[in-house]
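Here is the naming used below: chain letters follow the sequence lines, and residue numbers restart at 1 for every chain.
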There are 2 protein chains.
Amino acid sequence: MNETEPVSKTRLRLWLKLLKASNRIEDEIRRKLREDYQSTLPRFDVMSALFRYPDGLKMSEISDLLRVSNGNITGIVDRLTQEGLAERASVPGDRRASLVRLTDTGRSAFAEHAAAHEGWIDRLLTGLSEEDTAAMIARLDKLIDTLEDPRP
Amino acid sequence: MNETEPVSKTRLRLWLKLLKASNRIEDEIRRKLREDYQSTLPRFDVMSALFRYPDGLKMSEISDLLRVSNGNITGIVDRLTQEGLAERASVPGDRRASLVRLTDTGRSAFAEHAAAHEGWIDRLLTGLSEEDTAAMIARLDKLIDTLEDPRP
DNA sequence: TCCAATTATTTTAAGCTTGAACTATTTAGG
DNA sequence: CCTAAATAGTTCAAGCTTAAAATAATTGGA
């Protein structure tokens, strides 16, 4: 590649490769969730958040954690509760809010999905050495730090 | 981090960071496209593909390039043509197929969006050094190679 | 105590996304 | 030449996603 490539072009190339890699992995995860569990990645993400908080999360806490809109969470939680995987409970002292928890069924279903998910990722990333994996993690940490920094 | 972490956990951590970084950047790109151009990332992607092929692409060529379903492309191209940014033309000798091209309006709009897009990526990735950028690119190339390898 | 401002969630309209079914057309083999 | 199989694109149902509007409830200051 040309040594005189402007740094903005190099960064664009980095972004396109980042996008390509994450899209390829995500496509595979979505396919496996659908085929093996008749589920979806957004449901998996919501269940994952709820799994980490056994006492439950409020709707807006879920949307904050997952960085998606409240309206989106309403729809996903509606479907999870319809299928008996999650339930809404009232919040003492605040009739506006509701607390969402996984049911026992939901917890065990998620535990199985999560184990399988880890196996899929393990297989997909087998081609990277441990050194490359560690080196990527270190640099992604730096990148994430700069992305989260509110300074311009 | 614990030296004895299983390699599958390390790979899972890598995946989650990859996802976090690409989601943060993508969210910002989507926001800027909507606020500055009243456009969307899928439209940008389709226009980008068409921009690179001035003689046009068939519908299924667009869906192959972008790795999305034909039905999705139908909808996006419908809206781009309704807004005068693209047009469909017939394919000599094959009445099933159609060829999609950007209009002059579409070409100039995309050129502006693409220049802005490069500037946004440049700004978002400013926090990474040139060494780190190159090191990431090299490793993402390896990762992409393994993801594209059809061997199990 | 009252009420404007704020908050929590749902609803809405619009865009995107998939996989499957459907329609129209082309291709290839008998 | 004929027709089954394959192909190109559209339509459909269902799920996701956003931002904004709407509704119900809470909060805090005058």
Side-chain angles (χ1 to χ4, degrees), chain A residues 23-24 26-49 56-83 85-100, chain B residues 23-24 26-49 56-83 85-100:
Chain A
N23 280 351
R24 290 303 174 97
E26 189 170 308
D27 287 350
E28 179 67 7
I29 300 306
R30 286 180 188 275
R31 189 180 69 80
K32 294 293 285 179
L33 282 169
R34 186 179 68 248
E35 291 184 359
D36 296 357
Y37 300 112
Q38 292 70 56
S39 190
T40 66
L41 191 50
R43 294 159 64 96
F44 179 89
D45 289 338
V46 169
M47 291 177 83
S48 174
L57 289 169
K58 298 198 312 190
M59 302 292 281
S60 46
E61 286 172 334
I62 303 172
S63 70
D64 287 345
L65 272 169
L66 301 184
R67 293 171 62 91
V68 297
S69 68
N70 280 62
N72 193 4
I73 294 303
T74 296
I76 296 169
V77 169
D78 279 353
R79 287 184 287 276
L80 287 173
T81 58
Q82 276 156 17
E83 294 181 40
L85 299 172
E87 61 195 358
R88 280 181 170 95
S90 58
V91 175
D94 192 342
R95 294 206 304 275
R96 296 168 301 174
S98 50
L99 207 59
V100 188
Chain B
N23 280 351
R24 290 305 174 96
E26 190 170 309
D27 287 350
E28 179 67 8
I29 299 307
R30 286 181 190 274
R31 188 182 68 81
K32 294 293 287 179
L33 281 170
R34 186 179 66 249
E35 290 185 359
D36 296 357
Y37 300 113
Q38 293 70 56
S39 191
T40 66
L41 192 50
R43 293 160 64 96
F44 180 88
D45 290 337
V46 170
M47 291 176 82
S48 174
L57 289 169
K58 299 199 307 190
M59 302 290 284
S60 46
E61 286 172 335
I62 303 173
S63 71
D64 286 345
L65 272 169
L66 301 183
R67 295 171 59 91
V68 297
S69 67
N70 281 61
N72 192 6
I73 295 302
T74 296
I76 296 169
V77 169
D78 279 354
R79 287 183 286 277
L80 287 174
T81 59
Q82 275 156 17
E83 293 180 40
L85 299 172
E87 61 195 358
R88 279 180 171 94
S90 57
V91 176
D94 192 344
R95 295 207 304 274
R96 297 169 301 174
S98 51
L99 207 59
V100 187

Just wondering, do [Y] and [X] contact through their side chains at under 4.5 Å, heavy atoms?
X	Y	answer
B/R79	B/I76	yes
A/K58	A/V100	no
B/V77	B/M59	yes

- Treating a pair as Watson-Crick (purine N1 to pyrimidine N3 plus N6-O4 or O6-N4) or G-U wobble (N1-O2 and O6-N3) with both distances under 3.5 Å, list the stems of 3 or more consecutive pairs that involve DNA chain D.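 Stems for DNA chain D, defined as runs of 3 or more consecutive pairs: C:1-30 with D:1-30.
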Looking at every strand, decide which applies to [X] at a 4.0 Å heavy-atom threshold: base, sugar-phosphate, or nothing.
X	answer
A/G75	nothing
B/I73	nothing
A/R79	sugar-phosphate
A/D94	sugar-phosphate

Check nucleotides 4-6 of chain C for protein N or O atoms closer than 3.5 Å to its own N or O atoms and list the pairs.
none

- Query: When the nearest nucleotide of DNA chain C is assigned to B/G71 and to B/E83 on a heavy-atom basis, which residue is associated with the more 5' position?
  - Reply: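 The 5'-side residue here is B/E83.
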- Query: In residues 31-38 of chain B, which ones come under 4.0 Å of DNA chain D, going by heavy atoms?
  - Reply: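 Those residues whose heavy atoms fall under 4.0 Å from DNA chain D, taken from residues 31-38 of chain B in numerical order, are B/R34.
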Closest to the [X] side chain, choosing from [options]:
X	options	result
B/S69	C/dT9, D/dG9, C/dG19	C/dG19
B/T40	D/dA19, C/dT10, C/dG15	C/dG15
A/R95	D/dT26, D/dT17, C/dG15	D/dT26
B/A97	C/dT26, D/dG9, D/dC16	D/dG9

- Sole residue of A/D78, A/L80, A/L99 in side-chain contact (heavy atoms from CB on, under 4.5 Å) with A/R88: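 Among A/D78, A/L80, A/L99, the one that satisfies the side-chain contact (heavy atoms from CB on, under 4.5 Å) with A/R88 is A/D78.
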Nearest-Å distance, [atom1] ([X]) to [atom2] ([N])?
X	N	atom1	atom2	value
A/N72	C/dT10	CG	P	12 Å
B/K58	D/dG9	NZ	P	6 Å
B/E26	D/dT18	CD	C1'	13 Å
A/D64	D/dT18	CG	P	12 Å
B/L66	C/dT18	CG	P	10 Å
B/N70	C/dA24	CG	P	18 Å
B/D78	C/dA14	CG	C1'	15 Å
B/R88	D/dA8	CZ	P	16 Å

Between [atom1] of [X] and [atom2] of [Y], what distance do you get to the nearest 0.5 Å?
X	Y	atom1	atom2	answer
B/I73	B/D64	CD1	CG	9.5 Å
B/I29	B/T40	CD1	OG1	13.0 Å
A/M47	A/R43	CE	CZ	7.5 Å
B/L41	B/S48	CG	OG	10.0 Å
B/N70	B/S60	CG	OG	6.0 Å

- Message: Is there a side-chain contact between A/S60 and the phosphate of C/dT7, meaning an N or O under 4.0 Å from OP1 or OP2?
- Response: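 For C/dT7, neither OP1 nor OP2 has a side-chain N or O of A/S60 closer than 4.0 Å.
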- N-O pairing of B/R30 and B/E26 below 4.0 Å: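 B/E26 and B/R30: salt-bridged.
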- Message: One thing to verify: whether A/R31 and A/E35 come together as a salt bridge, which I'm taking to mean a side-chain N less than 4.0 angstrom from a carboxylate O.
- Response: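 A salt bridge links A/E35 with A/R31.
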- Most 5' of B/T74 and A/I76 on DNA chain D, judged by nearest nucleotide: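 Per heavy-atom nearest nucleotide, the more 5' residue is B/T74.
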- Task: Run the numbers on B/E28 and B/R24 for side chain to side chain contact (heavy atoms under 4.5 Å, CB included), then give the verdict.
- Result: CA-CA 6 Å; B/E28 179 67 8; B/R24 290 305 174 96; over 6 Å; no
- Nearest atoms (heavy-atom pairs only) where B/L66 meets B/A49: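 So the two residues come closest at CD2-CB, 4.4 Å.
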